[in-house]
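First listed ligand is number 1; within each ligand, the first listed atom is number 1. All residue numbers refer to positions in the sequence shown, counting from 1.
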Amino acid sequence: MTHPQAEPGKRAGPVGVQRVGVFGGAFDPPHWAHRTLAETAIAQLHLDVLHILPTGQAWHKSRTLSPAHHRVAMCEQAFGDLPHTRIDAREIQREGPSYTADTLRELAAEYPQAQLFLILGADQLLAFRQWVRWPEVLQHATLAVADRATHIGADAALDQSQEMDLSAVDLPYERLHMPLKNISATAVRARLEQSVGRQGALDVLVPEAVARYISAHYLYQNPS
Ligand code: ATP
């Protein structure tokens with residue numbers, strides 16, 4: 001598929017860290033597709049560091065998220081063993097809604113010589129022009145995008161192989177090449193609400209350590 005070429009956008013810069021990945025999400029909970037996306041980004045983009053940023057108040061999600069400390073802890077379980085990865089809780093500590101433009105401005109100041117890559121799924125690329133101050137996001141970072149299936153959510157088939165159509169997107173971005181994994185946090189929560197106490201079936205959806213954390217803290221047992 002053809003798409004506009006990303007501008008390199010590299011700033012004059014510094015010792016050591018040159019390529020910084022930024023991966024934000026609700027991570028409620030983090031699942032296998034998130035993990036694969038992080039691994040793919042590190043390898044394909046040759047990242048020196050990947051910041052994983054659980055969102056504070058998600059301005060674009062209608063449901064109330066699980067408490068931030070649980071989502072941070074689950075990110076540590078899901079991504080903590082990946083080299084070059086940092087769980088970054090700044091959006092949780094910041095007051096008010098979490099805007100990626102603010103986070104990128106801070107990271108650009110912290111890594112003045114690096115190229116920043118914002119990692120996201122195709123659904124977020126399609127919604128990108130609704131993001132608050134999206135042009136500012138593009139000034140700071142190159143978008144790096146993974147495919148997502150057309151039908152996502154609680155009742156979506158795991159093996160659905162139809163990709164979202166990005167042909168109308170007129171924004172610069174790089175493609176991340178990973179197998180389509182039709183997992184969503186919505187589907188994970190739905191499965192847990194339906195099968196309290198039966199964690200085994202979760203293995204195909206979330207890393208084992210995340211499943212254990214969910215079980216130990218009785219998360220997602222009530223419909224949201
Ligand atoms: P929910 O179902 O609660 O809306 P989600 O599964 O979409 O959650 P988020 O935490 O909102 O997960 O996603 C964080 C980022 O990961 C977003 O950029 C999203 O597009 C991307 N992402 C999530 N799931 C996938 C997937 N299966 N394939 C590719 N990208 C994904």
Side-chain angles (χ1 to χ4, degrees), residues 21-42 44-45 50-66 68 70-72 74-75 77-79 82 85 87-89 91-92 97-100 103-104 117-131 134 137 141-166 169 171 173-193 202 204-207 210 214 219-220 223-224:
V22 180
F23 183 25
F27 300 121
D28 195 14
H31 50 64
W32 276 122
H34 292 135
R35 164 93 186 189
T36 305
L37 189 42
E39 287 173 325
T40 302
I42 291 167
Q44 189 184 316
L45 302 173
L50 173 62
H51 285 249
I52 306 263
L53 293 124
T55 190
Q57 291 176 35
W59 58 272
H60 61 301
K61 300 232 184 205
S62 51
R63 58 180 284 274
T64 303
L65 300 180
S66 300
H70 284 317
R71 294 183 293 111
V72 171
M74 288 190 285
C75 284
Q77 300 298 329
F79 305 107
L82 277 183
T85 299
I87 310 303
D88 182 339
E91 292 191 352
I92 281 160
S98 296
Y99 296 129
T100 303
T103 301
L104 288 174
F117 294 89
L118 182 66
I119 289 133
L120 63 168
D123 57 312
Q124 290 302 311
L125 180 67
L126 290 172
F128 187 76
R129 284 177 194 270
Q130 277 103 63
W131 285 25
W134 65 264
V137 171
T142 299
L143 305 185
V145 180
D147 283 325
R148 237 183 140 168
T150 47
H151 184 49
I152 55 181
D155 58 348
L158 272 179
D159 60 356
Q160 201 217 149
S161 59
Q162 177 82 37
E163 294 164 4
M164 286 180 179
D165 180 5
L166 300 180
V169 174
L171 295 162
Y173 68 95
E174 284 190 20
R175 202 62 168 262
L176 290 172
H177 303 288
M178 68 176 228
L180 205 60
K181 278 189 188 298
N182 197 19
I183 303 176
S184 66
T186 301
V188 177
R189 293 191 303 272
R191 185 168 301 192
L192 281 158
E193 285 156 12
L202 266 192
V204 292
L205 300 176
V206 300
V210 174
I214 289 171
L219 301 181
Y220 310 117
S224 53

I'd like to know if the side chain of R35 reaches the main chain of A78, judged simply by a donor and an acceptor atom lying under 3.5 Å from each other, with no hydrogens or angles considered.
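Such a contact is found between R35 side chain and A78 backbone.
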
Is the closest N or O pair between [X] and ligand 1 shorter than 3.5 Å?
X    : answer
N182 : no
F23  : no
A146 : no
G25  : no
R63  : no
Q124 : no
G121 : yes

Parallel, tilted or perpendicular: rings of F23 and F27 (30°, 60°):
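Plane angle over 60°, so perpendicular.
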
Number the atoms of ligand 1 from 1 as they appear, then name those within less than 4.0 Å of a heavy atom of F27, with their elements.
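So the answer, numbered in order with elements, is 10 (O).
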
Considering only heavy atoms of T186, which atoms of ligand 1 have at least one such atom less than 4.0 Å away?
1 (P), 2 (O), 3 (O), 4 (O)

Any [X] heavy atom less than 4.0 Å to ligand 1:
X    : answer
D147 : yes
G24  : yes
R189 : yes
L37  : yes

Salt bridge (Lys or Arg N to Asp or Glu O under 4.0 Å) assessment of R189 paired with E193
CA-CA 6 Å; R189 293 191 303 272; E193 285 156 12; 5.3 Å; no

Do E91 and T103 have side-chain atoms, one donor and one acceptor, less than 3.5 Å apart?
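Side chains of E91 and T103: pair found under 3.5 Å.
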
Which heavy atom of I52 sits nearest a heavy atom of A38, and at what distance?
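Closest pair (atom of I52, atom of A38, distance): CD1-CB, 4.4 Å.
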
